[in-house]
Amino acid sequence: MYRRSRLAGILGCAATLAMVGCATNSSVTPLTGLTTQQQAQKMVPSGPGWKEEGGVLYHVPHYMATVQMARQQAKVQPAILLSYGGGPVLLKPHMYLIFWGYQTIGDPNSVKPLLERYARVIGGSKLNNIYTQYSEKSGSKTLYIGNALKQRRGIWEDDTNSVPSSPTDAQVAQEALNGVAHFGYDPNGSYVVATPHNHNTSGFGSSFCAYHGATYGSGKLVAYTNLPYMPDAGANCGSNFISPPSDESGADEGVTIVEGHEYGESVTDPNPPSGWYNFSYGEIGDLCAWTNVQNDPFRTYSYSAQPMWSNASQSCVHSYP
C-alpha cells in the first residue's frame with residue numbers, strides 16, 4: 001500500500017463510521033431492514049477524508065504501491081488478519097469499463113482489448129474465489145461475497161467528455177459518475193476509469209500504479225478505480241515483470257496485475273477503510289503486492305496476477321479454498 005494512503009485511510013474511517021453507523025461508539029443508528037450496502041447508499045458521506053472539488057464529492061483514494069515502493073516497505077508479518085469495519089462490500093461483484101478518450105488519443109499497446117478479454121473471464125476464477133470468504137453484516141445476518149461467471153457488465157468508449165492531459169482525482173471521480181449515468185447505477189458495480197496513453201494522473205508510475213475509492217452522486221455511493229495507462233510506467237508498474245503468458249505481452253503485464261489488485265480491493269473494501277482492512281498493512285491486495293506474481297488460469301485463458309490475502313490461511317494465495 002502506498003504509504004501516504006495509510007493516514008488518509010485512518011482519517012477516512014471516521015467519515016465511514018458516521019455514514020453507516022458501523023462502530024460501537026458511533027452515534028448513528030443503522031437503518032433497519034436494509035443491508036449495510038443499502039444503508040451506505042442512503043446516507044450522504046461527510047467528515048475527514050471526504051473532499052468536495054468542482055462540485056464532485058469523493059473520498060481520498062487508496063493507492064497501490066509501485067514495484068520499487070513495495071520493495072522498500074515492511075514485509076507482512078505472520079498471524080495478521082484483515083478486520084471488518086462494518087461497511088459495505090460488493091456482494092455480487094460487477095465490473096464496468098470506461099475507456100476515457102481511447103479513440104481520440106490512441107491505444108498503442110492494445111490495452112483496451114486486453115482489459116475487455118480479462119474482465120470477461122475473471123468471474124468464477126479461482127483467484128476471485130478468494131473474495132468469497134469475506135462478508136458484510138446486515139442486522140443479525142452475515143452475507144458473503146459471491147463469484148458469478150459474468151462479472152463484466154459494460155464497456156463504454158467515452159470520447160464525448162474530453163480527457164485532460166493529467167486528470168485530477170476529482171475529474172476521475174466525475175468520469176466514474178459519467179459512467180454511472182451511461183450504464184445506470186449498480187450497487188455492486190466497480191466502475192473502472194481507464195485513462196489513455198500519456199494522459200495519467202500526476203504521480204502515476206513514481207508514487208502509485210492505480211487507486212480505488214468511493215464517490216457520491218445522485219444520492220448513491222459509487223465504487224470506482226483510476227486505472228492509468230499501465231505500459232507508460234514500464235517496469236515500475238509491471239511491464240515484463242515475469243515471462244508473460246500467450247494471452248498478453250510483457251509490456252502490458254501490469255494491466256492485469258494492477259486491475260486484478262484494484263478489483264479485489266474494490267470488491268472487499270469499496271469505501272476504504274470501512275470494509276476489510278488492516279491498519280498496519282492495508283487491504284487484501286496491498287499485503288501481497290508485487291509478490292509471487294504468476295500466470296493464473298482464467299477459464300481457457302491465462303493472465304499475470306498477484307496473489308491476494310486470505311484470512312483463512314493468513315497468507316497470500318492464488319486460489320481459495
Side-chain angles (χ1 to χ4, degrees), residues 1-2 63-71 73 75-76 93 95 97 99 107-131 147 149 151-152 190 192 194-197 200 204-205 208-212 225-268 282-310 315-320:
M1 177 180 59
Y2 181 34
Y63 297 84
M64 179 184 178
T66 63
V67 173
Q68 183 179 19
M69 294 180 69
R71 288 171 177 165
Q73 292 173 4
K75 302 301 180 184
V76 174
M95 185 188 295
L97 295 173
F99 294 99
D107 182 13
N109 290 90
S110 298
V111 167
K112 179 179 178 290
L114 170 61
L115 266 175
E116 290 176 350
R117 293 193 305 270
Y118 172 71
R120 182 169 59 85
V121 297
I122 57 174
S125 65
K126 292 182 178 179
L127 184 70
N128 281 40
N129 214 52
I130 297 167
Y131 314 141
N147 184 23
L149 285 176
Q151 295 189 23
R152 191 189 77 182
S190 172
V192 180
T195 55
H197 175 53
N200 306 302
F204 166 64
F208 67 92
C209 288
Y211 67 67
H212 79 100
T225 293
N226 179 354
L227 190 71
Y229 200 80
M230 221 50 57
D232 287 348
N236 216 18
C237 288
S239 291
N240 298 296
F241 195 80
I242 59 173
S243 296
S246 60
D247 298 308
E248 61 186 332
S249 71
D252 61 22
E253 277 185 290
V255 175
T256 57
I257 297 170
V258 173
E259 173 50 24
H261 174 114
E262 294 300 334
Y263 188 54
E265 294 189 337
S266 290
V267 169
T268 56
E283 296 176 320
I284 191 172
D286 300 318
L287 282 76
C288 310
W290 305 113
T291 65
N292 192 28
V293 172
Q294 66 183 43
N295 298 323
D296 279 347
F298 295 85
R299 303 184 209 174
T300 59
Y301 296 83
S302 59
Y303 296 108
S304 300
Q306 68 159 80
M308 305 297 273
W309 185 259
S310 169
S315 63
C316 295
V317 299
H318 282 269
S319 64
Y320 173 83

One pair to check against side chain to side chain contact (heavy atoms under 4.5 Å, CB included): H318 and N292. What are the steps and the verdict? CA-CA 9 Å; H318 282 269; N292 192 28; 3.7 Å; yes
Atom pair OH (Y303) and CD1 (I122), whose distance is rounded to the nearest 0.5 Å: 10.5 Å
For the atom pair CG (D296) and OG (S304), what is the distance rounded to the nearest 0.5 Å? 8.5 Å
Pair L115, F99 - check side chain to side chain contact (heavy atoms under 4.5 Å, CB included), show working. CA-CA 10 Å; L115 266 175; F99 294 99; 3.8 Å; yes
Under a 3.5 Å distance rule, please check whether T256 uses its side chain to pair with a backbone N or O of A305 as donor and acceptor. no
Whether S110 side chain and P113 backbone form a donor-acceptor pair below 3.5 Å: no
Between R120 and E116, does any side-chain N to carboxylate O distance fall below 4.0 Å? no
Quick one: pull up CG in N226 and OG1 in T195 and give me the separation to the nearest 0.5 Å. 5.5 Å
Expected output: side-chain E265 to main-chain D286 donor-acceptor under 3.5 Å: yes
With rounding to the nearest 0.5 Å, note down the distance linking NE2 in H261 to CD in E283. 7.0 Å
Contacts of A119 that satisfy side chain to side chain contact (heavy atoms under 4.5 Å, CB included) - sequence neighbours left out: M95, L97, R152
Closest contact, heavy atoms only, P228 versus C209: CD-O, 3.4 Å
Between S249 and P244, which heavy-atom pair has the shortest distance, and what is it? C-CB, 3.8 Å
Whether the side chain of R71 engages the backbone of W290 through a donor-acceptor N/O pair (distance < 3.5 Å, no angle test) should be reported. no
Would you say the side chain of V267 lies within less than 4.5 Å of the side chain of S190, judging by non-hydrogen atoms? no
Partner set under side chain to side chain contact (heavy atoms under 4.5 Å, CB included) for P108, not counting sequence neighbours: H197, Y229
What's the separation between atom CD1 in I130 and atom OG in S319, rounded to the nearest 0.5 Å? 6.5 Å
Can you name the closest pair of heavy atoms from G205 and T66 and give their distance? O-CG2, 3.8 Å
Taking every non-hydrogen atom, the tightest pair across G238 and I257: O-CD1, 4.5 Å
Using atom types as modelled and distance alone, determine if a side-chain donor or acceptor of N236 lies under 3.5 Å from a backbone N or O of F204. no
For G260 and Y131, the nearest pair of non-hydrogen atoms, with its separation, is O-OH, 3.9 Å
Only pairs at least two apart or in different chains count here, so list each salt bridge (Lys or Arg N to Asp or Glu O under 4.0 Å) that has a residue in residues 231-258. none
Please report the interatomic distance SG(C237) to CD(Q68), rounded to the nearest 0.5 Å. 11.0 Å
Residues in ring pair (Phe, Tyr, Trp, His ring centres under 6.0 Å) with Y211, at least two apart? Y63, F208
Taking all non-hydrogen atoms of both residues into account, name the closest pair between Q151 and G124 and its distance. NE2-N, 4.0 Å
For Y263, all residues meeting ring pair (Phe, Tyr, Trp, His ring centres under 6.0 Å), sequence neighbours excluded: none
Are more than 12 heavy atoms from other residues, nucleotides or ligands located less than 6.0 Å from atom NZ of K126? no
Set of residues satisfying side chain to side chain contact (heavy atoms under 4.5 Å, CB included) with respect to N129, sequence neighbours excluded: T132, N147, Y320, P321
